[in-house]
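For reference, the structure is listed below as structure tokens.
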Amino acid sequence: MIPRIHQQGSNTLGLLHYLYGKGTHEEHIDPHLVASFDGMAPDPGRDPSVTKKDLQHLLDQPLSLLAVDQRPDQHVWHCSVRAAPDDPILSDEQWGDIARRVVAATGIDPGDGAGCRWAAVRHADDHIHIIATLVREDGRRPDHHRSGKRAQAECRLIEKELGLHQVAPGDGTAAKRATSAERHKAKREGRQRPAREELRETVRRAVAGATDEDEFFDRLAAAGLLIRKRIAPSGDLLGYKVALPDDRNKDDDPVYYSGSTLAPDLSLPRIRERWTLPAEAAASTDGSELGPPALPDVTGPAFARRRATTAAWQALLIIDHGDDGTAAAQIAAAGEILDALAKTSAAHTRAELREAAFAFERASRSHIKAVRGHDRALRQAARDLVHSGPALGRGEDGATTAMLIDMAFFLAIASANWHAKKHHSQQAAAAQQAAEHLRAAYQAAAAEPMSILRQRGHRLAPRVRQRQADLLHQVLPELAEQVAAEAGWAALAATLDDAQRAGHDPAALLTEAARRRELDTAGSISDVLVWRLRRSAHLLALPESRDGTSARGNRRTPSPAHSTVNDFRRRR
């Protein structure tokens with residue numbers, strides 16, 4: 001249940017005309033009162049002898065008793081309360097009780113017998129509007145400071161008592177929601193999302209991995225946005241606004257949104273923080289806390305995805321064991337990875353990855369200040385993803401995409417757990433939602449490469465398969481039976497064999513791959529172990545068959561596949 005305190009106004013009758021009218025899209029049905037300050041207010045919706053002017057006169061009566069110079073300029077208080085889409089339809093009596101509780105909690109009518117006059121109008125199944133005059137019966141002003149937070153707290157109690165959908169409490173760091181007018185406009189113009197949300201997503205993608213203002217604004221322009229910069233008399237850039245070319249107002253002018261209006265962390269000063277290393281980070285020489293130093297440009301999508309997977313693994317360790325500031329920076333930069341991954345994804349994973357990035361946006365902000373600079377490995381990885389271009393979705397590109405999505409899933413789970421420990425309810429829920437979209441994207445990305453790896457596992461000699469099974473029971477005795485029963489066990493056996501042939505100790509690799517506590521959240525433990533082993537052992541994600549032909553068929557694997565992994569090994 002979402003309460004929203006609207007901007008105060010000065011026209012009681014004008015608001016009543018809207019509440020009792022048909023609505024901008026004739027969406028208002030049967031407008032009528034469900035409650036009022038004394039329970040006896042006239043209802044122009046149900047009583048044909050009553051006019052909206054009668055109700056306005058009653059509500060504004062305490063205002064008219066004051067001298068003109070004592071009357072507040074903005075005396076109209078307006079609050080809407082909306083149920084969740086999956087909530088049952090509430091009765092007028094239930095909505096009336098909700099209205100009385102909200103005005104009491106917010107200080108509009110605290111129950112002392114001299115509160116403000118108010119009325120609650122219902123013109124749809126899922127919400128009500130409360131209108132009040134901000135002058136009490138005794139002539140004083142109401143104490144409605146922080147009425148929004150007070151209304152939110154009361155609605156959380158109402159949800160529990162009525163068994164409604166429970167909304168996670170916020171902390172004021174969420175991006176501003178699209179208004180009802182913006183939503184209706186989007187629907188009218190056939191947009192999937194309101195312009196505000198489209199712009200927020202586009203700007204976030206432009207920020208992902210960008211290293212300076214020129215690159216950021218070049219990306220915005222390349223995405224087709226209209227850009228308006230705010231320049232100081234000194235010539236310094238102070239801020240920016242963006243607009244969709246086809247989003248126009250009634251005068252046919254573009255509708256611009258400033259970065260800070262789109263999201264708190266998209267203002268120009270906040271974006272600049274990503275490009276500036278703190279003094280202690282800049283002075284670091286060994287890079288142990290900051291991750292690997294910046295590397296040359298990547299050679300292709302597969303290499304970019306490998307390096308992003310490694311950076312995500314390092315971020316997991318920091319989120320688990322680092323201080324709050326560095327963990328918050330890793331989580332914020334994880335959002336850039338998801339934005340970049342969605343931007344460069346193949347068609348069969350694009351929708352779920354886009355939804356994952358959209359959901360994780362809420363998880364990337366909290367009141368804990370991110371210590372920038374310690375996130376440069378993830379930000380560099382996001383830049384690599386963008387500059388390497390779109391992945392093909394098959395072969396080594398497709399397999400390394402599955403590898404990265406698998407790691408991104410655990411990064412989202414770790415972020416959800418971190419936020420939950422800090423009691424960041426909305427952020428934890430958003431990260432968990434992103435993880436579910438990543439799980440679906442992984443299933444689409446991994447279907448082909450895992451099928452090929454499983455086929456290779458089934459072709460192993462019986463003695464080799466038995467050796468890998470013995471190794472599994474030796475290293476992971478508590479998980480061995482479960483893993484061996486999974487469809488992905490054959491792929492894991494093939495991967496262990498590949499690691500041994502490459503000169504690695506498969507037992508040590510398996511021990512390291514399994515030590516992460518997030519393993520128990522995986523849909524397939526064997527899948528997770530496959531990708532962790534192939535990453536840590538620097539194996540081709542989709543290897544060649546024994547005769548040197550591609551695992552996808554009888555075509556030769558192009559030599560760049562070898563050079564990609566060898567190049568990755570050298571740069572590590």
Side-chain angles (χ1 to χ4, degrees), residues 302 305-306 309 394-407 442-516 519 522-559 561-566 568-569:
R305 279 152 175 73
R306 279 181 168 277
T309 302
R394 58 183 184 273
E396 184 73 0
D397 281 5
T400 52
T401 296
M403 180 187 294
L404 175 55
I405 295 174
D406 176 75
M407 189 64 73
Y442 170 78
Q443 292 169 350
E448 181 187 47
M450 287 304 298
S451 175
I452 294 171
L453 287 170
R454 289 167 190 165
Q455 291 172 20
R456 293 184 67 251
H458 289 307
R459 290 196 296 267
L460 291 175
R463 59 180 178 78
V464 176
R465 288 200 303 269
Q466 185 59 50
R467 183 169 67 244
Q468 307 309 342
D470 293 342
L471 176 64
L472 177 67
H473 281 82
Q474 173 190 339
V475 176
L476 302 175
E478 71 285 357
L479 294 174
E481 293 299 329
Q482 178 181 347
V483 172
E486 293 179 345
W489 158 240
L492 178 56
T495 296
L496 289 168
D497 184 56
D498 287 342
Q500 188 170 16
R501 287 173 177 271
H504 296 284
D505 179 355
L509 288 175
L510 188 58
T511 301
E512 171 64 18
R515 73 181 181 85
R516 296 292 303 172
L519 197 62
S524 169
I525 295 177
S526 52
D527 278 25
V528 174
L529 294 175
V530 163
W531 298 125
R532 292 184 181 179
L533 286 170
R534 304 200 79 85
R535 178 197 65 81
S536 59
H538 310 304
L539 301 172
L540 278 170
L542 194 63
E544 291 181 341
S545 61
R546 298 298 180 219
D547 61 359
T549 57
S550 168
R552 288 177 48 81
N554 58 11
R555 295 171 297 159
R556 288 252 166 210
T557 303
S559 59
H562 284 292
S563 62
T564 296
V565 175
N566 291 335
F568 179 79
R569 289 172 178 168

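Since the structure is predicted, the reported quantities are computational estimates derived from the model, not experimental observations. Sequence positions, counted from 1, serve as the residue numbers for this chain.
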Can you name the closest pair of heavy atoms from [X] and [Y] and give their distance?
{"X": "Q468", "Y": "A493", "result": "CG-O, 3.8 Å"}
{"X": "A541", "Y": "T400", "result": "CB-CG2, 3.7 Å"}
{"X": "R535", "Y": "T309", "result": "CD-CG2, 3.3 Å"}
{"X": "A537", "Y": "L509", "result": "CB-CD1, 3.9 Å"}

Validation row: D498, R534 side chains within 4.5 angstrom (heavy atoms): yes
Any side-chain heavy-atom pair of L533 and H504 under 4.5 Å: no
Test log, rule side-chain contact (heavy atoms from CB on, under 4.5 Å), inputs R394 and L542: CA-CA 9 Å; R394 58 183 184 273; L542 194 63; over 6 Å; no
With sequence neighbours excluded, residues passing side chain to side chain contact (heavy atoms under 4.5 Å, CB included) with R465: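 If we apply the side chain to side chain contact (heavy atoms under 4.5 Å, CB included) test to R465, skipping adjacent residues, the hits are L460, P462.
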Residues forming a side chain to side chain contact (heavy atoms under 4.5 Å, CB included) with A507, sequence neighbours excluded: L471, V475, D505
Results of side chain to side chain donor-acceptor pair (under 3.5 Å) for T401 - residues two or more places apart only: R305
Set of residues satisfying side chain to side chain donor-acceptor pair (under 3.5 Å) with respect to Q466, sequence neighbours excluded: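 Checked Q466 against side chain to side chain donor-acceptor pair (under 3.5 Å); matches are D470.
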Name each donor-acceptor pair under 3.5 Å that joins a side chain in residues 477-492 to protein atoms two or more places apart or in another chain, with its distance.
{"from": "E481", "atom 1": "OE2", "to": "H473", "atom 2": "NE2", "distance (Å)": "3.1"}
{"from": "E486", "atom 1": "OE1", "to": "S524", "atom 2": "OG", "distance (Å)": "3.4"}
{"from": "E486", "atom 1": "OE1", "to": "I525", "atom 2": "N", "distance (Å)": "3.3"}
{"from": "E486", "atom 1": "OE1", "to": "S526", "atom 2": "N", "distance (Å)": "2.8"}
{"from": "E486", "atom 1": "OE1", "to": "S526", "atom 2": "OG", "distance (Å)": "2.7"}
{"from": "E486", "atom 1": "OE2", "to": "I525", "atom 2": "N", "distance (Å)": "3.2"}

Gap separating the CG atom of L476 from the CG atom of L510, nearest 0.5 angstrom: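 It is 4.5 Å, given to the nearest 0.5 Å.
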Interatomic distance, L453 atom CG to W531 atom CH2 [nearest 0.5 angstrom]: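 One finds 5.5 Å between CG of L453 and CH2 of W531.
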Partners passing salt bridge (Lys or Arg N to Asp or Glu O under 4.0 Å) against R454 (at least two apart in sequence or in another chain):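 Testing R454 for salt bridge (Lys or Arg N to Asp or Glu O under 4.0 Å), a comparison that skips the adjacent residues, returns D527.
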